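Note sheet for the following structure.
Remember, predicted model here, so these are calculated numbers, not experimental data. Note that these values count all heavy atoms, side chains included, but never hydrogens, waters or copies made by symmetry.
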Amino acid sequence: MPLLRINATPSALALHDTAQAAPYRLCALASKPGPAVIMVHGYKYAPGTEDHCPHRKLFGKTEHSWPVALGFEGAHPAEGLGIAFGWFARGSLRTVHQRASQLGAQLAAVIQMLKAHSPQRPIHIIAHSMGSEAALSALAHLPAGAVDRMVLLTGATYAGRAKSLLATPAGRTVRVLNVTSRENDLFDAAFERLVKADTPGDCTIGQGIEAQNAVTVQLDCPKTITRLQQIGLPISPPSKRICHWSAYKRPGVMRMYSRFLRDPETLPLAQLKAILPEKPAPRWSRLLPMPAQARTRRQFRLSHPAHAVGSTLCLQDAAYARSDKNEPAY
C-alpha cells in the first residue's frame, strides 16, 4: 500500500510501529509515480497511544479514513504516495500551537527529501485544525515550488500569520484551499481567546485569507454548495450548528479535496475564485438564531473584540459541543 506513516519526535523523524529509519524509507519511495500527499492531523492526537493515535483514527481503516478517501488504497501503482504525518499534539492549546509552529521545520525536511529524489513530483499537503499551523509554517523553510497545493480544514492559525507565510518564496507558489464553516465559529473563538495573536485583533483563517493564491470555501454556505454541485462536486448541507469535524466528515467533501489535489487541471484556483462568494459569512451567523434555552450548559463568556456580537456572547464549552466522543475535544 503506498502509505507511509511517519511521526515527528523531538529528535528526529521516525516510522510508526517500526524501527526502520524514516529518511531511508522516504528515499526508497520518493521516485514512485503519482503525487505525494502529506496528511497532518490537529490537536489532541498522540501517535502510539491507545485512545489518541492518529494512525488508528484519521489515518487508519475507519469510516472517515483520510488515506482511503484521498485514493491511497494500493489498487493502482500510479496513485502516488500518501504520507500520514503524526506528531504529539496534547497539552494546553497555547503549548501545542507553539509546537505546531516549530513542527514546520520537520515537515519541510520530509518535503525536501522527496524533492531531492524526484524534483518534478507534485507534493501536496492536507491539514486539519492545528495541523494547518504546521503546514503553513513549513513554507518558511522551503524554496519556491516545493509545495504545489495545500488544503487547510478549519485551520487553527491566524490570518495575519497565514498571509505572511504565503508571502515567502514557497508560499507565493503554493495554491491554497482554505476550508471553513460557521459550524466552527465556537472553536475559532476559543482559539483566539486562548492563543495570543502576533497582531492584536487578528482573527483565525476561518474569516478568510488575504492572498491571491488562496481561496476560501465556506462549506455551510448555500450558494457555495450550489456552485460546487454545478461543477460536479455535490456536498451535503450541514446537519449541525456546531461541529469541528464536518470539514472532512461531511459527505462529498473529501472527494472535492481529492480532485483538487490529484486533478489540479480540472479544478484550477481561478475557477473556484470566479464561482464562489468572495467573503465568508459573518461569524456567529449560524449560532445566533438558536433558542436561548439550547445554549445554557457549561457556558463561558467571550470578550475578545473579534468575538463581540453587541458586547459579549455566551456559548457552550467546546468539549461539550462535541458530537462524537471519540473525537478530540478540539
Side-chain angles (χ1 to χ4, degrees), residues 1-32 34-50 52-60 65-67 70 72 74 80-91 95-119 121-143 145-152 157 165 168 170-171 174 261 328:
M1 183 176 182
L3 179 64
L4 187 61
R5 302 179 185 277
I6 293 178
N7 294 325
T9 71
S11 58
L13 294 168
L15 293 184
H16 184 69
D17 286 343
T18 178
Q20 190 177 31
Y24 173 82
R25 187 68 177 143
L26 262 175
C27 295
L29 295 173
S31 59
K32 300 294 183 182
V37 178
I38 305 173
M39 298 161 274
V40 189
H41 63 79
Y43 188 48
K44 287 288 186 180
Y45 285 104
T49 59
E50 184 176 353
H52 307 289
C53 182
H55 299 290
R56 292 179 56 246
K57 291 180 175 287
L58 283 184
F59 308 143
S65 168
W66 285 20
L70 294 172
F72 296 105
L81 173 63
I83 299 176
F85 191 87
W87 58 289
F88 185 73
R90 297 188 65 80
T95 299
V96 176
H97 178 259
Q98 184 179 26
R99 192 178 303 141
S101 300
Q102 297 167 349
L103 189 69
Q106 287 179 291
L107 185 57
V110 171
I111 295 168
Q112 288 169 331
M113 280 185 268
L114 290 171
K115 283 293 186 183
H117 288 80
S118 184
R121 182 181 210 167
I123 297 176
H124 313 303
I125 302 175
I126 179 168
H128 176 240
S129 186
M130 199 78 79
S132 299
E133 173 68 27
L136 287 165
S137 296
L139 298 174
H141 304 276
L142 293 166
V147 181
D148 289 73
R149 291 195 158 200
M150 184 180 289
V151 179
L152 306 177
T157 190
L165 289 166
T168 62
V174 69
L261 299 176

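- Screening V151, L70, L58, I83 for a side chain to side chain contact (heavy atoms under 4.5 Å, CB included) with M39, the sole residue that qualifies is L70.
- Two residues are said to be in side-chain contact when any heavy atoms from C-beta on lie closer than 4.5 Å; L139 and M150 meet this criterion.
- Separating the OG1 atom in T9 from the CH2 atom in W87 is a distance of 14.0 Å, to the nearest 0.5 Å.
- Looking only at side-chain heavy atoms (C-beta outward), I125 and I111 come within less than 4.5 Å of each other.
- Nearest heavy atom pair, residue Y45 against residue C53, reads CD2-C, 4.3 Å.
- Here the shortest heavy-atom pairing between G80 and P2 reads O-CB, 3.0 Å.
- Between A108 and A138, the closest heavy-atom pair is CB-O, 3.8 Å.
- The OH atom of Y43 sits 9.0 Å away from atom CZ of R99, with the distance rounded to the nearest 0.5 Å.
- You'll find the side chain of L136 reaches within 4.5 Å of the side chain of L152, heavy atoms only.
- Taking OG of S132 as the reference point, atom CE of M130 lies at 10.0 Å (rounded to 0.5 Å).
- No hydrogens or angles considered: a donor-acceptor pair under 3.5 Å links the side chains of H16 and N7.
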Run the ring pair (Phe, Tyr, Trp, His ring centres under 6.0 Å) check on H41 and W66 step by step: do they pass? CA-CA 10 Å; H41 63 79; W66 285 20; 8.8 Å; no
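- The NE2 atom of H117 sits 13.0 Å away from the CD atom of Q112 when rounded to the nearest 0.5 Å.
- S137 places a side-chain N or O within donor-acceptor distance of the main-chain N or O of E133, the cut-off being under 3.5 Å.
- Side-chain contact check for R149 versus I123: every heavy-atom pair is 4.5 Å or farther apart.
- Residues D148 and P122 approach most closely at OD1-CA, 3.3 Å, considering heavy atoms.
- L165 contributes atom CG, which lies 8.5 Å from atom OG of S101 (distance to the nearest 0.5 angstrom).
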Could you walk me through whether L4 and L15 satisfy the side-chain contact (heavy atoms from CB on, under 4.5 Å) test, starting with their C-alpha distance in whole Å, then the side-chain angles of each, then the deciding distance to 0.1 Å, before giving a yes or no? CA-CA 8 Å; L4 187 61; L15 293 184; 3.6 Å; yes
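- Rounded to the nearest 0.5 Å, atoms OG1 (T168) and NE2 (H141) are 10.0 Å apart.
- Considering every non-hydrogen atom in both F88 and P47, the closest pair reads N-CD, 4.1 Å.
- Heavy atoms only, all atoms of each residue included: A8 and F85 are closest at CB-CZ, 3.8 Å.
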Pair V37, I126 - check side-chain contact (heavy atoms from CB on, under 4.5 Å), show working. CA-CA 7 Å; V37 178; I126 179 168; 4.1 Å; yes
H52/K44 under side-chain contact (heavy atoms from CB on, under 4.5 Å): CA gap, chis, key distance, verdict: CA-CA 7 Å; H52 307 289; K44 287 288 186 180; 5.6 Å; no
